[in-house]
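A quick note: this is a predicted structure, and the numbers were derived from the prediction, not measured. So you know, we letter chains A, B, ... as the sequences are listed, proteins then strands, and number each from 1.
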There are 2 protein chains.
Amino acid sequence: MSKQMTEMLKGVLEGIVLAILSGRSAYGYEITAWLREQGFSDIAEGTVYALLIRIEQRGFVDVAKVPSEKGPPRKVYSLNAQGRRHLDEFWKTWSFLSERLEQLHKGGT
Amino acid sequence: MSKQMTEMLKGVLEGIVLAILSGRSAYGYEITAWLREQGFSDIAEGTVYALLIRIEQRGFVDVAKVPSEKGPPRKVYSLNAQGRRHLDEFWKTWSFLSERLEQLHKGGT
DNA sequence: TACCGGTAGATAGTAACACTGAATAGTGGT
DNA sequence: ACCACTATTCAGTGTTACTATCTACCGGTA
């Protein structure tokens with residue numbers, strides 16, 4: 001992972017995970033694998049798990065422990081109402097930033 | 001400044017400032033004022049100055065001390081060749097992230 | 001003179017977040 | 001008994017933006 005990407009993910013990775021969870025429930029290992037498929041090649045596993053614990057403590061997700069056939073039990077996370085509100089805020093913030101950067105990229109001061 | 005925006009600016013603010021400097025030279029006070037006009041209403045002045053010192057130490061900008069009629073001398077920053085390369089890298093990283101988020105926002109897993 | 005607002009920059013300490021590296025645990029196959 | 005894969009956790013580190021404060025220069029005003 002480039003240092004640039006590491007810094008840029010701050011605040012964004014949380015939104016990405018919430019967005020994933022807005023579509024379907026998922027557990028940590030699964031989310032990490034999905035992120036890697038999407039080109040976030042070197043996302044650290046520990047990072048995702050820490051993030052999940054964080055959003056759980058903030059009350060954005062509900063958790064269910066589900067047995068796995070292939071290993072230890074999974075913690076399946078699903079977005080709740082508060083999480084959806086927070087995700088909405090995330091998209092607003094992202095959109096603002098994205099528009100400003102789009103303008104800058106096109107050469108407009 | 002929302003906490004969300006604060007986190008999201010990490011890694012991005014540096015790119016924004018480099019992008020500004022790619023268009024024209026500027027000094028800290030001026031950059032802070034410009035950012036506020038653009039809607040980054042509560043960017044802390046200290047943040048911009050610290051960032052400028054950082055990119056100077058990394059060799060992305062050249063500095064000239066220019067006397068001001070209205071106050072203490074200004075430190076005018078201009079992007080050099082290394083800074084332009086770094087800015088290119090920033091735009092690549094940003095584009096990658098932006099595309100992924102665009103997909104997520106449109107409901108695609 | 002003394003003071004204040006606007007201009008301009010610097011800095012010590014704090015909080016938040018992603019990363020590193022390692023550990024723990026369950027299951028199935030050899 | 002060992003290994004690979006699945007699955008989660010955690011202590012310690014580095015980077016970044018913020019808070020709050022400080023220094024400093026100039027012009028205008030009481």
Side-chain angles (χ1 to χ4, degrees), chain A residues 1-18 25-36 40-58 60-61 63-77 86 90 93 97, chain B residues 1-18 25-36 40-58 60-61 63-77 86 90 93 97:
Chain A
M1 184 76 60
S2 73
K3 195 181 286 179
Q4 223 169 26
M5 180 61 91
T6 291
E7 289 308 318
M8 223 181 280
L9 278 178
K10 290 184 181 178
V12 176
L13 187 58
E14 181 181 294
I16 292 174
V17 170
L18 291 177
S25 302
Y27 55 98
Y29 194 82
E30 188 183 10
I31 292 170
T32 304
W34 185 87
L35 287 170
R36 290 191 168 152
F40 297 98
S41 46
D42 295 318
I43 286 275
E45 302 221 329
T47 298
V48 174
Y49 287 114
L51 192 159
L52 288 170
I53 289 170
R54 215 160 60 224
I55 62 178
E56 179 188 354
Q57 284 172 348
R58 291 193 187 153
F60 298 151
V61 288
V63 187
K65 203 156 230 172
V66 176
S68 163
E69 304 124 16
K70 293 185 175 181
R74 300 164 173 166
K75 282 177 75 178
V76 175
Y77 294 84
H86 191 72
F90 168 80
T93 307
L97 210 54
Chain B
M1 184 77 59
S2 72
K3 196 179 288 181
Q4 222 169 27
M5 180 61 91
T6 292
E7 287 309 317
M8 228 182 278
L9 278 177
K10 292 184 181 177
V12 177
L13 187 58
E14 180 181 295
I16 291 174
V17 170
L18 291 176
S25 301
Y27 56 97
Y29 194 80
E30 189 184 9
I31 292 170
T32 304
W34 185 87
L35 287 170
R36 290 191 169 151
F40 296 99
S41 46
D42 296 318
I43 287 272
E45 301 220 334
T47 299
V48 174
Y49 289 116
L51 191 159
L52 288 170
I53 289 171
R54 213 160 62 222
I55 62 178
E56 179 188 353
Q57 284 172 347
R58 292 194 185 154
F60 297 151
V61 288
V63 188
K65 203 157 231 171
V66 177
S68 163
E69 303 124 17
K70 293 186 175 178
R74 298 164 174 166
K75 282 179 73 177
V76 175
Y77 294 83
H86 191 71
F90 168 79
T93 306
L97 210 55

Quick one: [X] [atom1] to [N] [atom2], roughly how many Å, whole number?
X       : N      : atom1 : atom2 : answer
B:Phe40 : D:dA17 : CZ    : C1'   : 13 Å
A:Ile53 : D:dA11 : CD1   : P     : 10 Å
B:Glu45 : D:dT19 : CD    : C1'   : 13 Å
A:Met8  : C:dC19 : CE    : C1'   : 17 Å
A:Ile16 : C:dC17 : CD1   : P     : 15 Å
B:Glu56 : C:dG9  : CD    : P     : 12 Å
A:Leu51 : C:dT20 : CG    : P     : 16 Å
B:Lys65 : C:dG9  : NZ    : C1'   : 9 Å

Closer to the 5' end of DNA chain C via nearest nucleotide, is it A:Arg54 or B:Thr47?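 It is B:Thr47, whose closest nucleotide lies nearer the 5' terminus.
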By nearest atom, which of the nucleotides [options] is closest to the [X] side chain?
X       : options                : result
B:Tyr29 : C:dA18, D:dT8, C:dG9   : C:dG9
B:Ser68 : C:dC17, C:dT7, C:dC19  : C:dT7
B:Pro72 : D:dC25, C:dC19, C:dG26 : D:dC25

By nearest heavy atom, map A:Arg74 and A:Glu7 onto DNA chain D; which one lands nearer the 5' end?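 Mapping each residue to its closest nucleotide by heavy atoms, the 5'-most match is A:Arg74.
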Toward the 5' end of DNA chain D, which comes first, A:Lys3 or A:Ala50, by nearest nucleotide?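 This one resolves to A:Ala50.
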Does the side chain of [X] get closer than 4.0 angstrom to OP1 or OP2 of [N] through an N or O atom?
X       : N      : answer
A:Tyr49 : D:dT9  : no
B:Arg58 : D:dT16 : yes
B:Tyr27 : C:dA8  : yes

Ion pair A:Arg74/A:Glu30, N-O distance below 4.0 Å: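 Salt bridge between A:Arg74 and A:Glu30, a charged N being under 4.0 Å from a carboxylate O: no.
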When we call it a touch if two heavy atoms are under 4.0 Å apart, what does [X] touch: a base, just sugar-phosphate, or nothing?
X       : result
B:Leu52 : nothing
A:Glu69 : sugar-phosphate
B:Gly46 : base
B:Gly28 : sugar-phosphate

base_contact_polar (D:dT6 base, A:Lys70 side chain, donor-acceptor, <3.5 Å):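 Answer is no: no donor-acceptor pair is held.
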Determine whether a donor-acceptor pair (one donor, one acceptor, N or O, separation below 3.5 Å) exists between the side chain of A:Lys10 and the base of D:dT15.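 Result: at least one qualifying N/O pair found.
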Supply the atom-to-atom distance [X] [atom1] to [Y] [atom2], rounded to the nearest 0.5 angstrom.
X       : Y       : atom1 : atom2 : result
B:Leu35 : B:Phe40 : CG    : CZ    : 6.5 Å
A:Thr47 : A:Leu9  : OG1   : CG    : 9.0 Å
B:Leu18 : B:Leu51 : CG    : CG    : 7.5 Å
A:Lys75 : A:Glu56 : NZ    : CD    : 4.5 Å
A:Lys10 : B:Thr6  : NZ    : OG1   : 13.0 Å

